[in-house]
Novice: 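Here it is: the structure, laid out below.
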Amino acid sequence: MAAGQDYTEILEEDGENVQFVDKLYVPKSRQQVAEELEQRIRVVEGYTPIEFSDKMPTAESMTVGEWKIYGKLLTVKQKSIAEAHEKGHVIRPFDERFPFFNEYFQSGFDLSVSVFTDEEIEELRKQGDNGPEIPTEHIIEGGMLYLFSAMEIAERMAQLKNYFGMKGDEQLTAEQLAHARAHYVEDTGLDNNMTSFFKAITPQTEKRFLELINTSGI
């Protein structure tokens, strides 16, 4: 978005009552961006905004208790993956009110590909508290909107870099991506829609995916 362009901002949100206001977009300075980033990092260094239950973790609140996904206790490795994923949402808060972010990251995928199995669709139905009366196409649409939002794409990209022990600006290669496709879920024992994520990276979009993961501050 260019400076001076209009955008809509949520002014106040109280339950079902939401007030919107049109504002002019004023870009932040590099110093402002750096300072805000440092502040977000300091926040998540000692606190993980995450809730664990029998459903997939969400970046909402911290609860005390056993860490489970689908009723199963997580291993230390799985806890580390889930924790890093949720911390990443705080560090990289891509604002989904701006279509640019979704369009930017989605360019590395073919969203016309059928990525969910029948079993995964039913799991999405249960995880979202969607009853049997909700049409399957709506379940799939909601799953795609979630999985291929900018914030979710970025954190799954981070999962891939973490899988290979990357800590800085290392470049993920096509060979590493191929290895992750074949072994990531088996090695980690955690498939938070990563199988579906990989399906949408096609031979036609793989080059763009690698460009994105290696140039987007992941």
Side-chain angles (χ1 to χ4, degrees), residues 41 44 48 50 52 55-59 67-70 72-94 96 101-121 123-124 127 140 142-218:
I41 292 174
V44 297
T48 305
I50 187 171
F52 281 91
K55 296 184 178 182
M56 293 297 288
T58 58
W67 289 18
K68 296 182 179 181
I69 291 183
Y70 303 148
K72 297 181 180 180
L73 287 172
L74 275 69
T75 65
V76 172
K77 178 189 289 187
Q78 292 167 340
K79 288 179 182 179
S80 296
I81 294 170
E83 184 176 20
H85 179 112
E86 299 305 334
K87 284 180 183 288
H89 282 318
V90 178
I91 295 171
R92 293 177 282 266
F94 293 107
E96 294 176 14
F101 292 118
N102 286 342
E103 294 170 1
Y104 174 79
F105 281 102
Q106 288 172 0
S107 64
F109 302 85
D110 182 351
L111 300 189
S112 70
V113 173
S114 178
V115 300
F116 299 122
T117 65
D118 291 342
E119 293 77 10
E120 288 168 332
I121 292 170
E123 194 59 55
L124 286 170
Q127 293 299 313
I140 295 173
M144 294 292 286
L145 287 173
Y146 160 74
L147 180 58
F148 295 104
S149 64
M151 289 186 69
E152 287 301 321
I153 290 173
E155 294 321 310
R156 282 168 174 74
M157 286 179 168
Q159 285 181 225
L160 291 181
K161 285 204 162 184
N162 289 340
Y163 175 61
F164 290 103
M166 297 180 182
K167 298 179 180 180
D169 59 355
E170 299 96 327
Q171 301 285 293
L172 189 83
T173 67
E175 291 74 21
Q176 287 172 319
L177 177 59
H179 178 89
R181 282 182 185 275
H183 302 289
Y184 180 89
V185 173
E186 179 183 3
D187 288 346
T188 64
L190 183 65
D191 187 0
N192 59 330
N193 298 126
M194 288 300 289
T195 297
S196 301
F197 182 84
F198 286 129
K199 288 180 183 177
I201 305 170
T202 64
Q204 292 72 33
T205 68
E206 181 178 301
K207 180 179 178 180
R208 177 58 179 159
F209 174 85
L210 291 171
E211 289 174 353
L212 289 169
I213 194 173
N214 290 324
T215 61
S216 301
I218 305 298

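Positions are given from 1 along the sequence.
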Novice: For the residue pair N192 / Q159, report whether a side-chain donor-acceptor contact shorter than 3.5 Å exists.
Specialist: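 Q159 vs N192: donor-acceptor pair found between side chains.
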Novice: Enter the distance from I140:CD1 to L145:CG here, rounded to the nearest 0.5 Å.
Specialist: 12.0 Å
Novice: Ignoring hydrogens and geometry, is there a side-chain-to-backbone donor-acceptor pair from E86 to E83 under 3.5 Å?
Specialist: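 No, the answer is negative, given that no donor and acceptor are paired below the 3.5 Å cut-off.
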Novice: Taking atom types as modelled, find out whether S216 and Y104 have a side-chain donor-acceptor pair closer than 3.5 angstrom.
Specialist: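 There is such a pair between these side chains.
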Novice: Below 4.5 Å, heavy atoms only, C-beta onward: do V115 and F198 meet side chain to side chain?
Specialist: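 No, every pair of side-chain atoms sits at 4.5 Å or beyond.
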Novice: Any donor-acceptor pair under 3.5 Å linking the side chain of T202 with the backbone of D110?
Specialist: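 Side chain of T202 to backbone of D110, a donor-acceptor pair under 3.5 Å: no, none is there.
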Novice: Run the side-chain contact (heavy atoms from CB on, under 4.5 Å) test against N102 and tell me which residues pass, sequence neighbours left out.
Specialist: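 Here the qualifying residues are E96, Q106, S149, A150.
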Novice: Please test F116 against L147 for side-chain contact (heavy atoms from CB on, under 4.5 Å), starting from the C-alpha separation and ending with a verdict.
Specialist: CA-CA 11 Å; F116 299 122; L147 180 58; 4.2 Å; yes
Novice: Look only at the side chain of K161 and the backbone of G168, and say whether a donor-acceptor pair between them is shorter than 3.5 Å.
Specialist: no
Novice: Hey, is the main chain of D187 close enough, under 3.5 Å, to the side chain of K77 for a donor-acceptor pair?
Specialist: yes
Novice: Is a donor on one side and an acceptor on the other found under 3.5 Å between the side chain of R181 and the backbone of Q176?
Specialist: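 The answer is no, because no donor-acceptor pair under 3.5 Å joins these two groups.
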Novice: Quick one: do N193 and Y146 satisfy side-chain contact (heavy atoms from CB on, under 4.5 Å)? Show the steps, please.
Specialist: CA-CA 10 Å; N193 298 126; Y146 160 74; 3.9 Å; yes
Novice: Going by the salt bridge (Lys or Arg N to Asp or Glu O under 4.0 Å) test, which pairs reach into residues 144-155, not counting sequence neighbours?
Specialist: R92-E155, E152-R156
Novice: Could you check whether any side-chain N or O of D191 sits under 3.5 Å from a backbone N or O of M194, counting only pairs where one atom can act as donor and the other as acceptor?
Specialist: yes
Novice: Tell me the salt bridge (Lys or Arg N to Asp or Glu O under 4.0 Å) pairs involving residues 194-216, sequence neighbours left out?
Specialist: R208-E211
Novice: In this structure, which one of F109, F101, F209, F105 forms a ring pair (Phe, Tyr, Trp, His ring centres under 6.0 Å) with F148?
Specialist: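 Among F109, F101, F209, F105, the one that satisfies the ring pair (Phe, Tyr, Trp, His ring centres under 6.0 Å) with F148 is F109.
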